[in-house]
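Notes follow the structure.
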Number of protein chains: 2
Amino acid sequence: MTASTGGRLLTPGEVAALFRVDPKTVTRWATAGRIGSIRTPGGHRRFRESEVNQLLAELTTDASERPRN
Amino acid sequence: MTASTGGRLLTPGEVAALFRVDPKTVTRWATAGRIGSIRTPGGHRRFRESEVNQLLAELTTDASERPRN
DNA sequence: TTCCATTCGGGTAATTGGGGGA
DNA sequence: GATGTCCCAATTACCCGAATGG
């Protein structure tokens, strides 16, 4: 289970649109290891939709109302 | 592993779907020598599944195992 | 044989990456 | 500490008509 964990891949622009941030910011998240990414042989990044959705759900949830985690 | 080492052959479209890129991009990878390719008598390209999966694994950064927060 | 999706080619826009700095 | 923006070079995406594959 390393490479293709079945799941669609999203481009930096698509992920940026979901989070309403600049694509560069998504790039920094990947660089910081906060989100997994795969690179095309040309160096462009692709993100797993499942992982993006999970991360998106965490941010959508109001953290101030979450005692733990 | 008979005469040709490897298993199934994938079409440009299938490889493109795995990387979430345009089939033309896969063609450029083959032209640039970044990925091995077989040509049909008619000139269409075919790619080895094993090589594609290996390449996919190498370029994958797995953050799923990253600690939370 | 015909039918139709895919993949040739090339050419031209749009995205992306990386560094630097507001 | 985290984002957004500007620069430029590289990579990728969409356009066409014609050919191949099954």
Donor-acceptor contacts under 3.5 Å from residues 32-47 of chain B side chains, at least two apart:
from, atom 1, to, atom 2, distance (Å)
B:Arg34, NH1, A:Pro41, O, 3.3
B:Arg39, NE, B:Gly43, O, 3.3
B:Arg39, NH2, B:Gly43, O, 3.3
B:Thr40, OG1, B:Gly42, N, 3.4
B:Thr40, OG1, B:Gly43, N, 3.3
B:Thr40, OG1, B:His44, N, 3.0
B:Thr40, OG1, B:His44, O, 3.3

Please list every donor-acceptor pair under 3.5 Å in which a side-chain atom of residues 15-28 of chain A meets a protein atom from a residue at least two apart or in another chain.
from, atom 1, to, atom 2, distance (Å)
A:Asp22, OD1, A:Lys24, N, 2.9
A:Thr27, OG1, A:Pro23, O, 3.3

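Of the residues in residues 18-31 of chain A, those lying under 4.0 Å from DNA chain D by heavy-atom distance are A:Val21, A:Asp22, A:Lys24, A:Thr25, A:Arg28, A:Trp29.
Listed nucleotides D:dT11, C:dG18, C:dT7 differ in distance to B:Pro12; the shortest reach to its side chain belongs to C:dT7. For A:Arg46, the listed nucleotide lying nearest its side chain is D:dT12; candidates were C:dG9, D:dT3, D:dT12.
Looking at DNA chain C, the stems built from 3 or more consecutive Watson-Crick or G-U wobble pairs, each pair with its key distances under 3.5 Å, are C:3-19 with D:6-22.
Listed by chain and number, the residues in a salt bridge (Lys or Arg N to Asp or Glu O under 4.0 Å) with A:Glu49 are A:Arg8 (sequence neighbours excluded).
A straight line from NE2 of B:His44 to P of D:dG22 spans 9 Å, rounded to a whole angstrom. Between the CD1 atom of A:Ile38 and the P atom of C:dG17 there is a distance of 12 Å, given to the nearest Å. Distance B:Phe47 CZ to C:dT6 C1': 13 Å, rounded to the nearest Å.
Dashed line: the shortest gap from a side-chain N or O of B:Arg34 to OP1 or OP2 of D:dT11 is under 4.0 Å. Residue A:Arg39 has a polar side-chain atom (N or O) positioned under 4.0 Å from OP1 or OP2 of C:dG18. For the pair B:Arg45 and C:dC8, the criterion of a side-chain N or O lying under 4.0 Å from OP1 or OP2 is met. In terms of phosphate contacts, A:Thr11 brings no side-chain nitrogen or oxygen within less than 4.0 Å of OP1 or OP2 of D:dT12.
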